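Report on one structure; see the data block that follows.
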Amino acid sequence: MFQENRAALTLAVQAQITAGTISARQWDEYLKTYPWQLAFNQPLRLTGYHIVFLNGEYTDSPITADLRPFLSFLLGSTPKPIPQHWSLYVTDEAGHRH
């Protein structure tokens, strides 16, 4: 099974395996975190969210209605992975849900 899987790899990867030079360094970029933060240009109330990060981690709305502990993570400029996809559920000052 190993030989069959290895045969399906590109020739460049097979050559790296044979030479013993294959490295995971190229994937380390996916694991990096950066100090970024989420900011809104108008007053909004965050009522729910779902974020999938580039490195495969994810976070979403807790079961409890209290989002305050999670807001410090989202809205603070703490080191976090780069988001790949996210959905934010907010309510504006007029009560409209987006």
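Numbers here are sequence positions counted from 1. It should be emphasised that the depicted structure is a prediction, and the values quoted were computed from it without experimental measurement.
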#### Entry: Residue pair Gln37 / Gly76: nearest heavy atoms and the distance that separates them
CB-O, 3.3 Å
#### Entry: With sequence neighbours excluded, residues passing side chain to side chain contact (heavy atoms under 4.5 Å, CB included) with Ser23
Arg25
### Message
Which residues end up grouped with Tyr58 if you chain together Ile, Leu, Val, Met, Phe, Trp and Tyr wherever their side-chain heavy atoms are less than 4.5 Å apart?
### Response
Val52
### Message
Going by side chain to side chain donor-acceptor pair (under 3.5 Å), name the pairs with one or both residues in residues 39-54, residues two or more places apart or in two chains.
### Response
His50-Asp60
### Query
What is the minimum heavy-atom distance between Thr33 and Pro81, and which atoms define it?
CG2-N, 3.8 Å
## Note on the structure
Here the pair of heavy atoms bringing Pro83 nearest to Trp36 is CD-CZ2, 3.6 Å
### Query
Which atom names give the shortest non-hydrogen contact between Pro35 and Ser77, and what distance separates them?
CB-O, 3.5 Å
### Message
Listing request: all side chain to side chain donor-acceptor pair (under 3.5 Å) pairs with a residue in residues 4-13, at least two apart in sequence or in separate chains.
### Response
Arg6-Thr18
### Message
Show me the pairs that pass side chain to side chain donor-acceptor pair (under 3.5 Å) and involve residues 88-98, at least two apart or across chains.
### Response
Asp92-His96, Asp92-His98
### Message
Using the side chain to side chain donor-acceptor pair (under 3.5 Å) criterion, which residues pair with Glu57? Sequence neighbours excluded.
### Response
Asn55
### Message
With side-chain contact (heavy atoms from CB on, under 4.5 Å) as the criterion, how do Leu88 and Leu44 come out once you've worked through the C-alpha distance, each side chain's angles and the decisive distance to 0.1 Å?
### Response
CA-CA 11 Å; Leu88 302 174; Leu44 297 172; over 6 Å; no
### Task
Treating Ile, Leu, Val, Met, Phe, Trp and Tyr as nodes and any side-chain heavy-atom pair under 4.5 angstrom as an edge, say whether Tyr34 and Leu31 lie in one connected cluster.
no
### Query
Got a sec, which residues hit side chain to side chain contact (heavy atoms under 4.5 Å, CB included) with Thr78, two or more places apart in sequence or on another chain?
Phe73, Lys80
### Summary
Excluding Val13, membership of its hydrophobic cluster (Ile, Leu, Val, Met, Phe, Trp, Tyr; side-chain heavy atoms within less than 4.5 Å) reads Leu9, Ile17, Ile22
